[in-house]
Amino acid sequence: TITGCENTGAIDCPDKNSASENMKSTSSASIVTYVGGISSGAGNDGARTSKTFTNCINRGAITMYNQCWTRLGGVVGYANQNPSGCENHGKIVYYRKAGGYNSENGAVGGVVGYINIAKVSNLTNTGGVQTTGSGPNCYPGGIVGHEGGNMNTMENCNVGKSGINI
């Protein structure tokens, strides 16, 4: 369990265009980049984690460029449990480009990039979410970028005035 953590520093994930092009030509495997203001949500071996996040706050801006399959969230990149009471107040910007491996499947959320549960509650994003460029399969969201097909309830979630800019 991760409880009461706060990040105030900016996170910058620089352009990995040349590495992405190399992966495109040599690999058909899914290369996933997990990034969050508090935690990536990925284990040491890259496996998804079942950690619980409670009352964590991100205040730092997060900027990400041209990564492969992206799971980018203000608090956590990937979650399979509700991050109850978590808040994002930092601006999130995801720059993507069309063509090639690095434009695939960007899940960008104000609190969670990708989540795989039925219900989320008590989440806040006032920092805003912005995606730029072109490319298929980009899923931006004020609270959750993309969900695994099971979500049917959002309760007491708040997206501030800064909203989403696509």
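Residues I143 and V159 have side chains in contact (heavy-atom distance under 4.5 Å, counting atoms from C-beta outward). With contacts defined as side-chain heavy-atom distances shorter than 4.5 Å, the pair V108/M64 does not qualify. Contact check for P83 versus I115: side-chain heavy atoms found under the 4.5 Å cut-off. In this structure the side chain of Y94 never reaches within 4.5 angstrom of the side chain of P140, judged on heavy atoms. At least one side-chain heavy atom of C157 sits less than 4.5 Å from a side-chain heavy atom of V120.
Across all their heavy atoms, N82 and K119 have their closest contact at CB-O, 3.9 Å. Minimum heavy-atom separation, G77 to V112: O-CG1, 4.4 Å. Residue R71 comes nearest to Y114 through the heavy atom pair CD-CB, 3.3 Å, listed as atom of the first residue, atom of the second, then distance. Nearest heavy atoms, I11 versus G37: CD1-CA, 3.8 Å. E87 and V75 make their closest contact through O-CG2, 3.3 Å (heavy atoms, listed as atom of the first residue, atom of the second, distance). Between S84 and N122, the shortest heavy-atom contact is OG-ND2, 3.8 Å.
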**Message:** Please evaluate residues T124 and T126 with respect to the criterion side chain to side chain contact (heavy atoms under 4.5 Å, CB included), reporting the C-alpha separation (whole Å), side-chain torsions for both, the decisive distance (0.1 Å), and the verdict.
**Reply:** CA-CA 7 Å; T124 299; T126 63; 4.0 Å; yes

**Request:** Apply the test side chain to side chain contact (heavy atoms under 4.5 Å, CB included) to residues N150 and N116: give CA-CA distance (whole Å), side-chain angles for both, the deciding distance (0.1 Å), then the verdict.
**Result:** CA-CA 7 Å; N150 300 317; N116 197 18; 2.9 Å; yes

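In the hydrophobic clustering of this structure, Y139 does not group with L123; members are Ile, Leu, Val, Met, Phe, Trp, Tyr whose side-chain heavy atoms approach within less than 4.5 Å, directly or through other members. One hydrophobic cluster, built from ILVMFWY side chains closer than 4.5 Å, cannot hold both V111 and I57; they sit in different ones.
Ring pair Y34/Y78 is perpendicular by interplanar angle, where above 60° counts as perpendicular and below 30° as parallel.
A donor and an acceptor atom, one from each side chain of N58 and N88, are located under 3.5 Å apart.
Rounding to the nearest 0.5 Å places CZ of F53 at 9.5 Å from OG1 of T1. Atom NZ of K91 and atom CD1 of I62 lie 13.0 Å apart (nearest 0.5 Å). Rounding to the nearest 0.5 Å gives a distance of 8.5 Å between CG of N125 and NE2 of H89. Here the CD1 atom belonging to I2 is positioned 6.5 Å from the SG atom belonging to C56, to the nearest 0.5 angstrom. In this structure, OG on S121 lies 7.5 Å from CG on N156, to the nearest 0.5 angstrom. Here the straight-line distance linking atom CG of N152 with atom CD1 of I117 works out to 10.0 Å at 0.5 Å rounding.
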